2 protein chains.
Amino acid sequence: MTALSASSGTRDGNASVRVADALRDAIVAGDFPPGSRIRQEEIAERFGASRVPVREALKMLEADGLVTLRANAGAWVSRLSLDECDEVYQTRERVEPLLLRLSAPHLDAEALDRLERLAEQMAQTTEIEEFLRLDRDFHWSSYAGADTLVLGDLVRRLWSTTQPYRRAYTRLIDAHSQRIVHDEHHMIVTALRDGDIEAGERVVEGHIRRTRRLLAQHPEVFTAASTTP
Amino acid sequence: MTALSASSGTRDGNASVRVADALRDAIVAGDFPPGSRIRQEEIAERFGASRVPVREALKMLEADGLVTLRANAGAWVSRLSLDECDEVYQTRERVEPLLLRLSAPHLDAEALDRLERLAEQMAQTTEIEEFLRLDRDFHWSSYAGADTLVLGDLVRRLWSTTQPYRRAYTRLIDAHSQRIVHDEHHMIVTALRDGDIEAGERVVEGHIRRTRRLLAQHPEVFTAASTTP
DNA sequence: AGTGTTGCGATTGGATGCAATCGTGTCGTA
DNA sequence: TACGACACGATTGCATCCAATCGCAACACT
């Protein structure tokens, strides 16, 4: 999952989106921590392309909010202030319940079993990256029923921009808080099994809000966040 | 407001964002109706630039959801299906009340007077473009207090993608529906004056939902929408 | 007559090269 | 020694040029 070299094969016709996807994955994976500079030529060499598709990729990622561009200066991985991060989380509180609502009717028993399994696996994991991956998997699986284009992309974007802080935050929470996360996940599954969409929406909303509140209590995350596996 | 030729002056350092802004304005203004093809060279000539910044602009607008790119084929102005439009409106129902909540505390008496004035002007206008402009002005003025970066951009994007349909819809509504719109606008102002944020949120939500419902009753808007002033 | 195929024009995608701009280290001066 | 001006290297931004791909039309074949 840790974006390795894409090597060659320049034949498909869209190198810019490949660069964009790879760079996005790399940023989300933590290879480029927030605030780090992105040099066009470095990326171009890393992914075996010219600077033109790299710049197009950067424009896309800028629109995603993942990188910040300054004219004639360069590109940096976006660094969110505490207020901005709080804002994104408030937005997620409003939007993700809707996404769950649109998804819920299309989730069959098999999908719910899968959710249950993911929740169980999370409860037995202490590895941070594994925890993050499972958490992401869980929520995205719960949203998988929505064949939406716009809203899905929107939420994906919100997740991407906050991923570095979610990682840093995960390092901070104690066993008790983790337990609450798992309970909430199980409550989501239960609500979905009962077909009680309202309840599911409320749990998701509270789930995100609680994370937001806890993040606000750790401002140190937003001053200097570094990640090196 | 109808994006004329930007002529020359290529000295500022960022031609791609200028092209992006101009093209976005042109699309929102209706110069390029949904589904119409966008040829790179045509845009390049129109704005006095090369194809490279045009392509970067197109990538940005694609991330905005305004244009749709197909590899090795070209770019088209995004055409929303009824379902997708409905989805965007549902998203707006959730997000814009939040934006109003973040904005409300920073709106002073002068700003509220301005809102009142805009609502009055709208009530006395029959011109469609003027109506749209005032409506946009009204809502954005109500959101102006929020110094948010992410959420503001997000809502701006949602407005942009739905603008063509809002225009087509405006042509369809009768005097009675218009009256309701104005009443709702006044209710928003009243709620803001009273400092009753909850009430304001509810009105905005209902305001958008009602528009969504009415749009869903006019599927013909989504089959063939053409606009020529 | 209908359908699959092949070739050409038009358009997009990407690499290279050059001008403009920004950062930074050095030097000169008070 | 502290501060400002200047020049150089590094990096970005853009235009031009070439290759790859797609759409479309004419053609051949069953």
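Quick note on labels: first sequence line is chain A, next is B, and so on, each numbered from 1. Everything numeric in this text was worked out from a predicted model, so none of it was measured. Hydrogens, waters and symmetry mates play no part in the numbers below; they use all other heavy atoms, side chains included.
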Under 4.0 angstrom between A:Arg70 side-chain N/O and C:dG23 OP1 or OP2: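 True: A:Arg70 side-chain N/O within range (under 4.0 Å) of C:dG23 OP1/OP2.
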For [X], enumerate each residue passing the side-chain hydrogen bond (donor to acceptor under 3.5 Å, both in side chains) test, keeping only those at least two apart in sequence or located in another chain.
X        : answer
B:Arg24  : B:Asp21, B:Asp64
B:Thr161 : none
A:Thr170 : none

All salt bridge (Lys or Arg N to Asp or Glu O under 4.0 Å) counterparts of B:Glu42, not counting sequence neighbours: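 Testing B:Glu42 for salt bridge (Lys or Arg N to Asp or Glu O under 4.0 Å), a comparison that skips the adjacent residues, returns none.
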Can you name the salt bridge (Lys or Arg N to Asp or Glu O under 4.0 Å) partners of B:Glu45, sequence neighbours left out?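 With neighbours one apart ignored, the set is empty.
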Within residues 80-89 of chain A or reaching into it, pairs that qualify as salt bridge (charged side-chain N to carboxylate O under 4.0 Å, His left out) - sequence neighbours excluded: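 Listed by first then second residue: A:Asp86-A:Arg212.
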Provide the full list of salt bridge (charged side-chain N to carboxylate O under 4.0 Å, His left out) pairs with a residue in residues 136-148 of chain B, sequence neighbours left out, each pair given once.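 Of all non-adjacent pairs touching residues 136-148 of chain B, those that pass salt bridge (charged side-chain N to carboxylate O under 4.0 Å, His left out) are B:Arg114-B:Asp137.
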So which protein nitrogen or oxygen atoms get under 3.5 Å of nucleotides 8-11 of chain D's nitrogens or oxygens?
| residue | atom | partner | partner atom | Å |
| --- | --- | --- | --- | --- |
| D:dT11 | OP1 | A:Arg39 | NH1 | 3.3 |
| D:dT11 | O3' | A:Arg37 | NH2 | 3.4 |

With a 4.0 Å heavy-atom cut-off, tell me which residues in residues 49-62 of chain B come close to DNA chain D, sorted by residue number.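 By residue number: B:Ala49, B:Ser50, B:Val52, B:Pro53.
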Within 45° cone of A:Tyr169 ring axis and under 6.0 Å: A:Arg166 NZ or CZ: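 Pair A:Arg166/A:Tyr169 does not count as cation-pi.
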Once you round it to whole Å, what is the distance between C1' of D:dC22 and CH2 of B:Trp76?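 Nearest whole value for this atom pair: 10 Å.
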